[in-house]
Amino acid sequence: MKDTAKHQGLRNQLVQIVEQKGITDKAVLDALKKVPRHLFFDSGLADYAYQDKAFPIAAGQTISQPYTVAFQTELLQVKKGDKVLEIGTGSGYQTAILCAMGASVYSIERQNELFKQTTLLLPKLGIRPKLLTFGDGYKGMPNYAPFDGIIVTAGAPIIPKPLMAQLKIGGRLVIPVGETIQIMTLVIRKSEKEFEKHELGEFRFVPLLEDKN
Ligand code: SAH
């Protein structure tokens, strides 16, 4: 697995595209420049990695479009040392972006095949999330809560209550909500009982799978 000057060049171009689409957070753009997205693809498909597109990965899932990753990450307002929960590890690309920004990342994946694959891949790339688990993201990770940020990378029919409960006061939950089309939704916990909700446009994700554990 190699990262070359050619890949860095393609990455810089991709970051320009993402910037033109409206992403301004420098920490997010720097992370996108740093993380070798092609290493999250099967080797034969690496040429597709630097297009601003989603792409199929194992178990019928997708690696999110770079713009979408950037958009969600910008909404999270990640600071170094923040504790972030990710629902839907998938390829591990979003996990890697959060790690590159200095977050302490906890991530849950519901497909065992992807969980195993990504658990092997990340250390090979020198990426060290705090914890990768196989399980049901609807429940979050109550044992490790509360979190500064929670990011859901699959389309959720509803906002799961346990995720709201696992936010710190001031914490941010970024979640695409809807069945066929999703509305990117930002929930900010203002106090123990008060949550502020913002809706930020339409996206398309693979569905958040129902609890079958
Ligand atoms: N962040 C990933 C996106 C993967 S697509 C990436 O950058 O590659 C969404 C992922 O959510 C899929 O891997 C899917 O298996 C996972 N998923 C779906 N339902 C889930 C659930 N209930 N709990 C945890 N993960 C889930």
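Everything numeric in this text was worked out from a predicted model, so none of it was measured. Atoms within a ligand are numbered from 1 in the order they appear, just like the ligands themselves. We're numbering straight along the sequence, starting at 1.
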Using a 3.5 Å cut-off on N or O atoms only, is [X] in polar contact with ligand 1?
X: Ile57; result: no
X: Ser91; result: yes
X: Gln111; result: no

Which ligand 1 atoms are under 4.0 Å away from a heavy-atom of [X]?
X: Glu86; answer: 1 (N)
X: Leu114; answer: 13 (O)
X: Gln94; answer: 1 (N), 7 (O)
X: Ile63; answer: 8 (O)
X: Ile108; answer: 24 (C), 25 (N)
X: Val206; answer: 5 (S), 9 (C)
X: Gly135; answer: 23 (N), 24 (C)

Legend entry - Name of the residue among Ile23, Thr68, Leu29, Ile97 meeting side-chain contact (heavy atoms from CB on, under 4.5 Å) with Thr73: Ile97
Legend entry - Matching residue for Ile108 among Leu132, Leu85, Asp136 - test: side-chain contact (heavy atoms from CB on, under 4.5 Å):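 With Ile108 as partner, side-chain contact (heavy atoms from CB on, under 4.5 Å) holds for just one option, Leu85.
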Legend entry - Closest to atom 16 (C) of ligand 1 (judged by heavy-atom distance), picking from Glu109, Arg37, Arg110: Glu109
Inset, instruction - Report the member of Ala58, Gly60, Gly88 with the shortest heavy-atom distance to atom 10 (C) of ligand 1. - result: Gly88
Legend entry - Cluster overlap Tyr67 with Ile181, hydrophobic side-chain contacts below 4.5 Å: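 Hydrophobic grouping puts Tyr67 apart from Ile181.
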Inset, instruction - Determine, using the 4.5 Å side-chain heavy-atom cutoff (strictly less than), whether Val206 and Phe40 are members of one ILVMFWY cluster. - result: no
Inset, instruction - Indicate yes or no for a side-chain donor-acceptor contact from Gln65 to the backbone of Asp52 under 3.5 Å, with no hydrogens or angles considered. - result: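 Yes; at least one donor-acceptor contact below 3.5 Å.
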Legend entry - Heavy-atom donor-acceptor pair, Ser107 side chain to Ile87 backbone, under 3.5 Å: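 No, because the side chain of Ser107 does not come within donor-acceptor range (under 3.5 Å) of the backbone of Ile87.
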Inset, instruction - Verify whether one side chain among Asn12 and Gln16 offers a donor that lies under 3.5 Å from an acceptor in the other. - result: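 No donor-acceptor contact under 3.5 Å links the two side chains.
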Legend entry - Aromatic ring proximity, centroids under 6.0 angstrom, Phe55 and Phe41: yes
Inset, instruction - Consider ligand 1: state whether an atom of it lies below 4.0 angstrom from any non-hydrogen atom of Pro207. - result: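 Within the 4.0 Å threshold, so yes.
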Legend entry - Thr89 to ligand 1, any heavy atom closer than 4.0 Å: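 A heavy atom of Thr89 does come that close to ligand 1.
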Inset, instruction - Flag the pair Asp148 and Lys79 as a salt bridge only when some basic side-chain nitrogen lies within less than 4.0 angstrom of an acidic carboxylate oxygen. - result: no
